[in-house]
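Here's the structure, in structure tokens; my notes come after.
In what follows, chains are A, B, ... by sequence order, proteins preceding strands, each numbered from 1. The structure displayed is predicted, hence computed values, not measured ones.
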Protein chains: 2
Amino acid sequence: MKSLILGFVASLLVFAAQAESTATGDLGLIIERATGSVLLVDQSERAVVTRIEGLGDLSHASLVYSPDERFAYVFGRDGGLTKVDIVARKIVNRIIQAGNSIGGAISDNGRLVAVSNYEPGGVRVFDADTLELVADIPTGSKTIGLVDAPGRKFVFTMWDTGETWIADMSGKAPEIIKIEDMGANPYDALITGNGRTYITGLFGEDGMTALDLWDKTPKPIRVLPGYGRGQEKLPVYKMPHLEGWALAGREFVLPAVGHHEVLWVDADELIETGRTPTHGQPVFAMARPDGRQVWVNFAHPLNDTIQVIDSVTKKIIHQFKPGPAVLHMEFTPRGHEVWISVRDANKVMIYDTHTFEKLQEIDADSPSGIFFTARAHKTGL
Amino acid sequence: MKSLILGFVASLLVFAAQAESTATGDLGLIIERATGSVLLVDQSERAVVTRIEGLGDLSHASLVYSPDERFAYVFGRDGGLTKVDIVARKIVNRIIQAGNSIGGAISDNGRLVAVSNYEPGGVRVFDADTLELVADIPTGSKTIGLVDAPGRKFVFTMWDTGETWIADMSGKAPEIIKIEDMGANPYDALITGNGRTYITGLFGEDGMTALDLWDKTPKPIRVLPGYGRGQEKLPVYKMPHLEGWALAGREFVLPAVGHHEVLWVDADELIETGRTPTHGQPVFAMARPDGRQVWVNFAHPLNDTIQVIDSVTKKIIHQFKPGPAVLHMEFTPRGHEVWISVRDANKVMIYDTHTFEKLQEIDADSPSGIFFTARAHKTGL
């Protein structure tokens, strides 16, 4: 009896000790793409807390956080939607919600989680507590570029039909506004941090298309049409990601598709303000949170390199090789450090963004996306 | 012996149950100015978690959060610096660091907490872990407008001498750049969310003065000099606060001193773009996080009212009376709700920012400042 009690006390102590350290503001998850696992990490300690396994196919995964920075909703390539409790450090729910999914979003009030799917094409919306289906929105197309917008809205775009839909989930049933003629084969999209401007990248034509979501009847606005005109387009080894599109000061920085350059665009006028030639085809062009620097990684076979661009001069101020297959970067929320996934080195590297000094290496199994909990407080991340 | 063990188990269970719910992303603290206490609140639950007492004189208090959203550093009028652990829900350290303090800031890496003081005039910098003094920077003046800037910098301004100093704390000793001629009697300041532009409000003259902190040798830039010219200035019952100065789209919204209006200023050109007449002398003009709305409260005796301005039309779209002595507002990080302190009703009111519906009332003892933990991830808050 006494040993039973002591064992119980001991396990309580372990639990209490774990739980005691669960302020969640500086934690994060790193996708381990080959093993279906995520690493729970601590930014301040620059260290791994633990590994959580059993998330299925994470070969092209992303995630969002609940407003309390406790739960992560992980969107797997296999249609899996996995709810991870980073306080209890375990999976608390997991469903297979479609055959092939591409990304997700969480409503501004944290109550609804939406997933965009290729197969069957459309968006499904789930209760964030229970993962029960709240709304099924078939689109008849592969669906991409799903983001959340203020007022319990989700915005998403159709690869096949070139339409963007805005689903307002603030009432009982979704109210949907459909915008046609967004362009040929939109492949990804972003929403600005203020939730006002939605921009789709196009694969079927050179250029992008924007919507002003503050307009009651948003109309497609062409951005940089034919930006590659007169240049030979290179084979595209890896489509750039648009969620990383950066707002530096009053300009966006966009990776060009099939070209060795990033494009600078005035955020209000949506006109080109400059180009910076780069080492390779950019995949992510991400602004440090203060917008002073833009960090760029590249497609295979030049994916061992990072270039850092000064946003005032638009010139490259630093270049280095973290290692083979640099897949993703994540800045600390106030931008003093950056974490970089180097897949084929099985490492995540941490750098000081002011001195460019390497501060730490962390072991990880084929790391890809890095997601800090501060994303919980941002629109469109 | 057995009852001792059971008692111990029971207290562990209580502790574990408390600690278990400590994801900290949606928590906040509300200053109870009359009683030297703070309320720990939960945004998602719209509820009080607990009250923490013993923080001294909180008649003009503010606070900042550690990067992990676990610790709050509360700056009291009496020179008290109190470290509150919101996971353990108690004060873990408290010092009296000066005779009369006015505000504080935390470095981008979370290691340093700085406090600006009237008496003795200057800034003191403390180790965020231990509250041990790291640097003492006397200024020979009442010191106001202290903010953090990227790269372990603090920026602050002298009421008496009209100087702004930039203290770089990234090396062993502070390196200080001094900028003269900021204007007559600066009384408060703000830094933009990207850490680039620092703006001081002036009491001794009509107008403001800005610095471009990305400039290696920042020079004073006059903003709206003589904005009240030709108008009769009213007696100033309450100085407006500048930390609430709002960035809505590409414009700042600034409360005018001694006038019934807010001023719109282009954030890059720093020229006036409009004025909106208001109900009274504005105290806070705060943008909803998406910048679409600006919420304004007013000085005594018109301080029972809130006006909401649309940032596109610059027109007032909503006006209501939350109750007597509306002192402060805080938006949820993604802007769907706002919490409002109504001091003389001893209530905090929570509203939906899209429908303007009141969602909840919370009892609080003379509430003033409301601070959600998401501030941990922002520059200058």
Side-chain angles (χ1 to χ4, degrees), chain A residues 2 5-6 8-9 12-13 15-16 19-27 42-44 65-71 86-88 107-110 148 150-152 170 193-196 214 249-250 267-268 288-292 312 332-337 353-355 373-374 376-379, chain B residues 2 5-6 8-9 12-13 15-16 19-27 42-44 65-71 86-88 107-110 148 150-152 170 193-196 214 249-250 267-268 288-292 312 332-337 353-355 373-374 376-379:
Chain A
K2 194 169 160 187
I5 291 178
L6 286 175
F8 181 57
V9 168
L12 270 178
L13 277 171
F15 174 68
E20 196 268 337
S21 63
T22 50
T24 46
D26 63 347
L27 301 182
D42 184 313
Q43 267 169 55
S44 307
Y65 287 104
S66 62
D68 60 358
E69 299 183 333
R70 174 170 183 168
F71 299 106
I86 65 175
V87 171
S107 61
D108 58 0
N109 66 353
D148 50 87
R152 260 124 290 167
S170 63
N194 64 1
R196 177 171 188 174
W214 289 8
R250 74 188 335 170
D268 292 302
R288 198 171 69 177
D290 67 348
R292 182 63 196 269
V312 175
T332 56
R334 290 170 62 188
H336 69 303
E337 296 178 6
T353 64
H354 293 270
T355 64
T373 52
H377 303 321
K378 302 257 194 180
T379 291
Chain B
K2 195 168 160 188
I5 291 178
L6 286 175
F8 181 58
V9 167
L12 269 177
L13 277 170
F15 175 68
E20 197 268 337
S21 62
T22 51
T24 47
D26 62 347
L27 301 182
D42 184 313
Q43 265 169 57
S44 307
Y65 287 104
S66 63
D68 60 358
E69 298 182 335
R70 174 170 183 170
F71 298 106
I86 65 175
V87 171
S107 61
D108 57 0
N109 66 353
D148 50 270
R152 260 123 293 170
S170 63
N194 65 1
R196 177 170 188 175
W214 288 9
R250 74 190 334 171
D268 292 303
R288 199 172 67 178
D290 67 349
R292 182 63 198 269
V312 174
T332 56
R334 291 169 62 186
H336 69 304
E337 295 178 7
T353 65
H354 293 270
T355 64
T373 53
H377 303 321
K378 302 258 194 178
T379 291

Looking only at A:Gly195, A:Pro289, A:Ala374, A:Ser170, most heavy-atom pairs under 4.5 Å shared with chain B are made by A:Ala374
State the OG1-CG distance between B:Thr353 and A:Asp108, to the nearest 0.5 angstrom.
8.0 Å
Heavy atoms of B:Asn194 and A:Asp290 approach each other most closely as O-CB, 3.1 Å
Go through the atoms of A:Arg288 and report whether side chain, backbone, both or neither lie under 4.5 Å from a heavy atom of chain B.
neither
Kindly give the heavy-atom pair with the smallest separation between B:Arg70 and A:Ala23, and that separation in Å.
CB-CB, 3.3 Å
Max heavy-atom pairs within cutoff under 4.5 Å with chain A, candidates B:Gly110, B:Pro150, B:Ser66, B:Gly193, goes to B:Pro150
Heavy-atom side-chain contact between A:His336 and B:Ser107 under 4.5 Å:
no
Measure the shortest side-chain to side-chain distance between B:His377 and A:Lys378 over non-hydrogen atoms and say whether it is less than 4.5 angstrom.
no
Side-chain contact test, heavy atoms from C-beta onward, threshold under 4.5 Å: evaluate it for A:Thr373 versus B:Glu69 and give yes or no.
no
Between A:Thr24, A:Asn109, A:Thr379, A:Asp68, who has the most heavy-atom pairs with chain B when the cutoff is under 4.5 Å?
A:Asp68
Measuring heavy-atom distances to chain B, does A:Ala376 have an atom under 4.5 Å in its side chain, in its backbone, in both, or in neither?
backbone
Taking every heavy-atom pair that is under 4.5 Å apart, which of B:Asp148, B:Ile86, B:Thr355 has the most such pairs with chain A?
B:Asp148
Counting heavy-atom pairs closer than 4.5 Å to chain B, which one of A:Glu337, A:Gln43, A:Arg152 comes out on top?
A:Arg152
